[in-house]
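Presented below is the structure to which this report refers.
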Amino acid sequence: MMAPSYNAKEEDGHQPGATGHGGAGTMTNKKPDNTAFKQQRLPAWQPILTAGTVLPAFFVIGLIFIPIGVGLFVTSNNIKEFEIDYTGVDMSSPCYNCSQSYSWNNTQSCTCSVHFSLDQPFESNVFMYYGLSNFYQNHRRYVKSRDDSQLNGDKTSLQSPSKECEPYRSSDKPIAPCGAIANSLFNDTLELYYIDPNGSRTAIPLVKKGIAWWTDKHVKFRNPSGNNNLTVVFQGTSKPVNWRKPVFELDPLDSDNNGFINEDFIVWMRTAALPTFRKLYCIIQKKPNNMTPTLPRGEYILEVTYNYPVRSFDGRKRMILSTISWMGGKNPFLGIAYITVGSVCFCLGLVLLSIHYRYGKRNNSAEISS
Amino acid sequence: SLNYVVFPPTEKERHLRANDRELNLSYKYADNAIKTSKYNIFTFLPLNLFEQFQRLANAYFLFLLCLQSIPEVSSLPWYTTVVPLVLVLSMTMAKDSSDDMNRHRCDKQVNNRKVEILIGGELQSEKWMDVQVGDIIKLENNQFVTVRMEVIKVSAEGDKVKGETNLKVKQALTVTGKLEDSIEKLANFNGEVRCEPPNNRLDKFTGTLTLNGETYSLDNERILLRGCTLRNTQWCFGLVVFGGPDTKLMQNCGRTTFKRTSIDRLMNVLVLNIFGFLMIMCLILAIGNGIWEYQEGSKFAAFLPKGVNAPFSAFLTFWSYVIILNTVVPISLYISVEIIRLGNSFYINWDRKMYYPKSDTPAEARTTTLNEELGQIKYIFSDKTGTLTQNIMTFNKCSINGKSYGELLDFSGQRVEINEKTEKVDFSWNNLADPKFCFHDNSLVEEVREGNPEVQAFFRLLALCHTVMPEEKKEGELYYQAQSPDEGALVTAARNFGFVFRSRTPERITVVEMGELVTYELLAVLDFNNVRKRMSVIVRSPEGKLTLYCKGADTIIFERLNPSCSNLTEVTTEHLNEFAGEGLRTLALAYKDIDPEYMEDWKLRHHEANTAMDEREEKLDALYEEIEKGLQLLGSTAVEDKLQDGVPQTIEQLSKADIKIWVLTGDKQETAENIGYSCNMLRDEMNEVFIVSANTAEEVRKELQTARRKMTPDGTEEPTVKKSRSGLFCLLKTETVADEPVNGEYAMVINGHSLAFALEKDMEMELLRTACMCQTVICCRVTPLQKAQVVELVKKYKQAVTLAVGDGANDVSMIKAAHIGVGISGQEGMQAVLSSDYSFAQFRYLQRLLLVHGRWSYLRMCKFLRYFFYKNFTFTFVHFWYGFFCGFSAQTVYDEWFITLYNLVYTALPVLSLSLLDQDVNDWWSFQYPQLYTPGQLNQYFSKRAFVYTVLHSGYSSLVLFFIPWAAMYDTVRDDGKEIVDYQSFALLAQTCLLIAVSIQLGLDTHYWTAVNQFFLWGSLSVYFAVIFTMYSNGMFLTLISSFPFIGTARNSLNQPNVWLTMLLTSILCVLPVVAYRFLRILLWPTINDKVRGRGSTHLSLVRQDKVLPPAPRRVQARRTSTRRSGYAFSHAQGYGDLVTSGKFLRRTPKSRPALFSQTDSPLAQTQPQSYRTISEWEEPPLSP
């Protein structure tokens, strides 16, 4: 069976003096170097998919994945999340009127109150998001339409924004902030009230700071320098067409939260990857005394200043209240996926094991036919 | 590729006059300066760029670049295309410039060689480039010729020694020959030459020389071609007829076809299909965009800048997606393929196991673009002489007076294997002995020295009966110039055994017999020819005894023996069978004492016949027949046509690898058959060896058909031809003749004459079918052209990869015709090597070249291509899926920098290390199981099917890589409640998942994990993380705000546990099915590779690679007794009898005599007895690689 192989030992050059006979050959020796690399003899590890390695791997993966999955699933389930759609599509919806009458150029603000109740108390910090659906913030023309230099406080860009911003580059004066993203800034105002069992309304304090990435707030976005008075800084620019207020008046309450470093603005400018997304609106901080939950069970009212039109493209607006965990917001997918993959792995391991028992022996003894 | 000036077709006839530069210059013939280089400093950049953009791939990327400059279309920034393109262009440029520099150097060297030109009545040393048409130049021995010239005068009259292959006798016209070497006469020579215009026919020349009003015709005999070397003459004067680009060599050079591998062709087809596929993808997405714009985009217009109407938007999107999805055909594919091939070529050059110490020759990959094809060879066409054999004849055994010599027996009477260590017979008692001669049987020497009369007569015969010419430069240093190597071997044997052939004149032969000088009178030489198959001499000894000595083919000699020898004949026949069974070439020797009176009479009649005007040959033959009768048998000789080391083993290995070996040789049928047996290609246990040697087309057809019907009695009459189309755009029509099943082993021997008929259009199919059913095919007496035709035939109808191996100029045509040409750098000059793709010194290295290097190269290339397509398709498909979630707006999933660097940086080195270092099993196992070679022949590792599998696999992977992150990230947030599903974080997640997944896939594909692989794989991943952290850092952003908008993404994303969990999940999901599938495949349908790998892993730890198995016996000598034997101490040419008796060769002055044999490397002084040649052509290296 073994093929008689011509074992050319002399060619390997192990014979002493084999090359010395060529007269001048010793000097001009063309014999290749005997290095492991050149002779392709580099030491190597040659893994093979054997039953001894593959099957345990399957079981181990299965055994690791299932607990992770369970952990993730439980964590995700423990997260409390409440979501309410306030677009006002239905006639019955309190915001129906606002949604009907509304367009960008409307100067009259429209407010509506949405009642809802929480079945469970929300402990710890509660995060309030606004969610948009069917909103293509990831559209190429949309994503491109911004000027990062301008947003970083570059004065030249402030006066002559990038061409990418067209057609939201200038009206009569250069627009700051320019571009479609800024132009379409979400401008609904949401307020939350708790209705005591006795019927009185308590406004829940909403913290609008610390909702943007630190890097965005401190590095990526900067107001043009030179003057603390933003009005002066932004002189010679005009507000985006759809905006009611110029950029330096975005937050009337907090003067540090104005201009390009307005956190709502920063959050909006971090465009979403998918057409359905949620963005952090504010944080409801847990009570200092820790005795009562941040949001106790009961009735609430969401007061919406309805500015943002989404009906035209069949969009939806939502308000989401959510707690968080070490793995972020509520998303049961990862947990389920881990459990599934883990079990599939385990089952596959079992199947392969049985196949191995049935057929493996046969092949192990099989001769290599010459 | 050479670009030289094509001579204007207006030249109908060339006219020139010797020694008249003015007149000759007026014709404006090309001068002798050679220019093979393509560029100079100024033209390099534009010309090279122009050439590069003629390549489809580069042009395509230029087109992409143009697309990207349109802002409406541009979906990627300019650098994603420019960086790779510039890289590729500059790498190619570097390679081209170094190539061209070499050509410049080569040109310079050739142009500046010195030559002596006759100018103004004296010889002046000038550069070759200054040689003009019409000049008379002087060449000396061993000088290269770099013009084409007419021979005026050769110093020694052209001796008629004709070598086996490429030796040409060139003789001057008598009229010019009279000029001698007198400069004066030559300077006054004013002959005019009219001849054909430049062309590339090597074997034809027509022209006339007009001298003093008389016209002489000039033919090929009088022409020295560029590229040949002068041999065996002191000098030669010539008239330059063509210079530089007009010469036949240069006219032929441009013809070299560019060889492409089948993978190359497949790749081109695939790339074309991929383009189609790309267009379909883009079309789908564009239509999607149209619909989206119509349904959503128009309403979304308030948010979107520059809303356009749906059809136009779809149109723009189409082109945008062409840009984004271009990564399915990445530009780096081509450059990587070239690098891999180059690397694998270097391995061949570096291989110590293909280095031949005796001639200090390493193997050389002369072409760096064909490596993987070495792993797919299905047919090998081999030359015989110098390729399978060493072209060395050695006197091996003999049988004298019924006793066999040459065998070594031990005490128990068993044969002893003879090898290099066996003690040799000591010939030191004979001071004229050839030190290179080896013999192992001491008894023969003893018998000779004891004076055994039969043994002495035996060697006397060998010393007398031949046409060898001796040369004695120094006292006692004898060199023999023999017409055939066999004859040289026999005379050398006699010399060593004390019967030294010393010198000859037309009338006398001087021999030193056991130290005593004896002169025999040579009365007649009864020369050898093909019909007679014997030669005799009639000599008169000093004592006055007349003897006829005869040697020849045994069958012929036995017919002419005296009946008293019948007992001896029987024993000798037995010995002959034994010798033949060992593959030795045998001859029978006989003698006869002649009655002086009869001799007188015979001599008279001989003279009459010799001078007869008509039927001279027949009359002579009858006379010879008459006297060569009643011979006394002396014995027989056995000469070994030494095979190269390891040839039978190599052939066995290769045939186990299912490679068919055809021997195409110029030798006679017997020789070829004999070699076939001795290297195990023909075996006695074969069912039948068909011999096709018919004289008419019909007979040949009949013989072929008979053979075929015998092999497949129930086979179909009509061949099964599968017609298909291949090539780009399926323009190539191919016909493939299916292999037919055969019961048993057959072989076919066909001679050149029959082959000529069989290669005709109407019979080639018959030949092909019959030949392909045979285990072994031997074609003998074939011309170089036929060799090429046979190769072409197989190429045409088998669609299989062919390899031709040879060492001589007559193999060049087949080396060029085959997919891969291998040159054996041996004794036959350099021409085969120079036209070959690979060269090495020994035939046996072929098995290493194919079974190890070829297999690895093929495996690596296929792995590379599969993996490369996998990683790029996966990369691209994710974009496709994302299209459905971004309004088909041609938004990329990944960061633009990632797109730029993915192929160039992040995945380049790991895949290169995979495709340069991977081995499924090591070389030792490759030799143990030659069957491992077969997947390559069947195109199993990379075919259209494998490609489709790859596409499906990447489809799956891309689904996982897009939708798992999508689902995992859907509506989720960071652990501090902030954004995570923003575009930038998602891009980071998707690209990291992708990179990890393709890296793991690479790991799965790697069978041979060296430190380099590990380093590159981990290194690339680390580089990736380093790069993203750098690029997404504050510093980078603040320096170049618009280029690095991803600031902070890495920091903010990669500290999230769910991001890492998502990566883990995608990786596992990508790998899991692959592992399960591969495991199952190995378990249930293991291939030979899997089995060997499994075996290798369990045994390798025990058996160290370098000390496995004792060396196999050097030669497995099949002991068989066979009735098949051949006697041919003579090559097929007519002997030199005439020359010997005419004395023409002796009629030269003593001064010029050494010239004929002036070479110090006299054949017998070396171990290469038969490079007797006057002029061997094409010794000059061709001027372009």
Side-chain angles (χ1 to χ4, degrees), chain A residues 3-7 9 11-13 18-19 22 25 30-32 34 38-40 42 44-46 48-49 54 127 136 138-142 145 148-149 152 167 180 184 213 215 219-220 270-274 277-278 280 312-313 324 326-329 331 333-334 337 348 356 359-360 363 368, chain B residues 296 299-300 303-305 347 350 352-353 355 357 360 362 646 649 656 844 885-887 889-891 927-928 967-968 971-975 977-979 981-983 986 1007-1010 1034 1041-1042 1045 1047-1048 1052 1057-1058 1061 1065 1075-1076 1078-1079 1082-1084 1086 1091 1093-1094 1097 1109 1111-1112:
Chain A
S5 128
Y6 183 76
N7 197 317
K9 209 164 184 199
E11 286 128 273
D12 206 20
T19 53
K30 291 191 208 138
K31 185 170 200 169
N34 191 10
K38 287 190 172 180
Q39 302 308 319
Q40 306 199 62
L42 285 178
W45 168 57
Q46 292 172 274
I48 299 178
L49 298 178
V54 173
F127 295 80
Y136 285 84
N138 58 5
H139 195 282
R140 184 166 56 91
R141 294 207 301 275
Y142 186 85
S145 186
D148 278 322
S149 303
N152 196 241
S184 57
W213 284 10
T215 44
V219 184
K220 197 171 182 183
R270 182 153 283 281
T271 52
L274 300 168
F277 59 88
R278 57 175 68 170
L280 188 53
S312 62
F313 54 87
I324 52 165
W326 58 272
M327 57 154 290
N331 185 337
F333 172 80
L334 264 186
L348 210 56
H356 173 66
Y359 300 100
N363 283 311
I368 303 173
Chain B
E296 317 252 344
K299 298 173 198 160
F300 200 61
F303 302 93
L304 278 180
Y347 284 134
W350 287 334
R352 282 164 81 91
K353 288 181 180 157
Y355 166 80
D360 191 26
Q649 288 86 349
K656 273 190 191 159
R844 64 170 181 273
F885 293 87
C886 66
S889 61
Q891 176 67 342
F927 280 137
Q928 286 300 305
D971 261 0
T972 192
V973 293
R974 284 162 56 85
D975 59 2
K978 292 175 190 171
E979 186 103 49
V981 210
D982 61 302
Y983 168 70
F986 188 77
H1007 281 160
Y1008 194 77
W1009 280 95
T1010 63
N1034 305 352
I1041 288 174
S1042 53
I1047 175 190
N1052 284 304
N1058 55 353
L1061 285 171
L1065 186 67
V1075 172
R1078 290 194 184 171
F1079 176 71
I1082 292 174
L1083 198 66
L1084 299 179
K1091 286 181 190 170
R1093 269 169 62 76
S1097 72
L1109 284 197

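These numbers come from the heavy atoms of this one structure, side chains and all, not from hydrogens, waters or symmetry mates. Note on naming: letters A, B, ... go to the chains in the order of the sequence lines (proteins, then strands), and numbering restarts at 1 for each one.
- In this structure, A:Tyr359 and B:Leu1084 have side chains that are in contact, with non-hydrogen atoms separated by less than 4.5 Å.
- Considering all non-hydrogen atoms of both residues, B:Arg1093 and A:Ile48 come closest at O-CD1, 3.2 Å.
- Counting heavy-atom pairs closer than 4.5 Å to chain B, the top-ranked of the candidates A:Asn152, A:Val219, A:Leu49 is A:Val219.
- With respect to chain A, the highest number of heavy-atom pairs below 4.5 Å among B:Gly1048, B:Ala967, B:Ser1042, B:Ala1076 belongs to B:Ala967.
- The minimum heavy-atom distance between A:Arg270 and B:Glu979, with the atom names listed, is O-OE1, 3.9 Å.
- In this structure, the side chains of A:Leu334 and B:Asn1058 come closer than 4.5 Å at one or more pairs of heavy atoms.
- Using a 4.5 Å cut-off between heavy atoms, A:Phe277 contacts chain B through its backbone alone, with no side-chain atom that close.
- B:Asp360 has no carboxylate O lying under 4.0 Å from a charged side-chain N of A:Lys30, or vice versa, which leaves the two without a salt bridge.
- Here CH2 of A:Trp45 is found 14.0 Å from OH of B:Tyr1008. Values are rounded to the nearest 0.5 Å.
- Scanning all heavy atoms of the two residues, the minimum distance from B:Arg974 to A:Ile324 falls at O-CG2, 4.2 Å.
- For B:Thr1010, the side chain to side chain donor-acceptor pair (under 3.5 Å) partners two or more places apart in sequence, or in a different chain, are B:Asn1013.
- Ranked by heavy-atom pairs under 4.5 Å with chain B, the first of A:Ser149, A:Ala337, A:Ala44 is A:Ala44.
- Contact annotation: the side chain of A:Tyr142 never approaches that of B:Gln891 to less than 4.5 Å [non-hydrogen atoms, C-beta and beyond].
- Of all heavy-atom pairs spanning A:Met327 and B:Pro1057, the tightest one is CA-CG, 4.4 Å.
- Side-chain contact between A:Phe333 and B:Thr972: absent, with no pair of heavy atoms (C-beta onward) separated by less than 4.5 Å.
- Qualifying side chain to side chain donor-acceptor pair (under 3.5 Å) partners for A:Asn331, counting only residues two or more places apart in sequence or in other chains: none.
- In terms of heavy atoms, B:Pro1045 sits closest to A:Asp148 at CB-OD2, 3.5 Å.
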Give the C-alpha distance, both sets of side-chain angles, the deciding distance and a yes or no for side chain to side chain contact (heavy atoms under 4.5 Å, CB included) between A:Asn138 and B:Phe986.
-> CA-CA 11 Å; A:Asn138 58 5; B:Phe986 188 77; over 6 Å; no

Candidate pair B:Tyr983 and A:Thr271, rule side chain to side chain contact (heavy atoms under 4.5 Å, CB included), full reasoning = CA-CA 6 Å; B:Tyr983 168 70; A:Thr271 52; 3.9 Å; yes

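- Contact record, A:Lys38 with B:Tyr347: O-CD2, 4.0 Å, taken as the closest heavy-atom pair.
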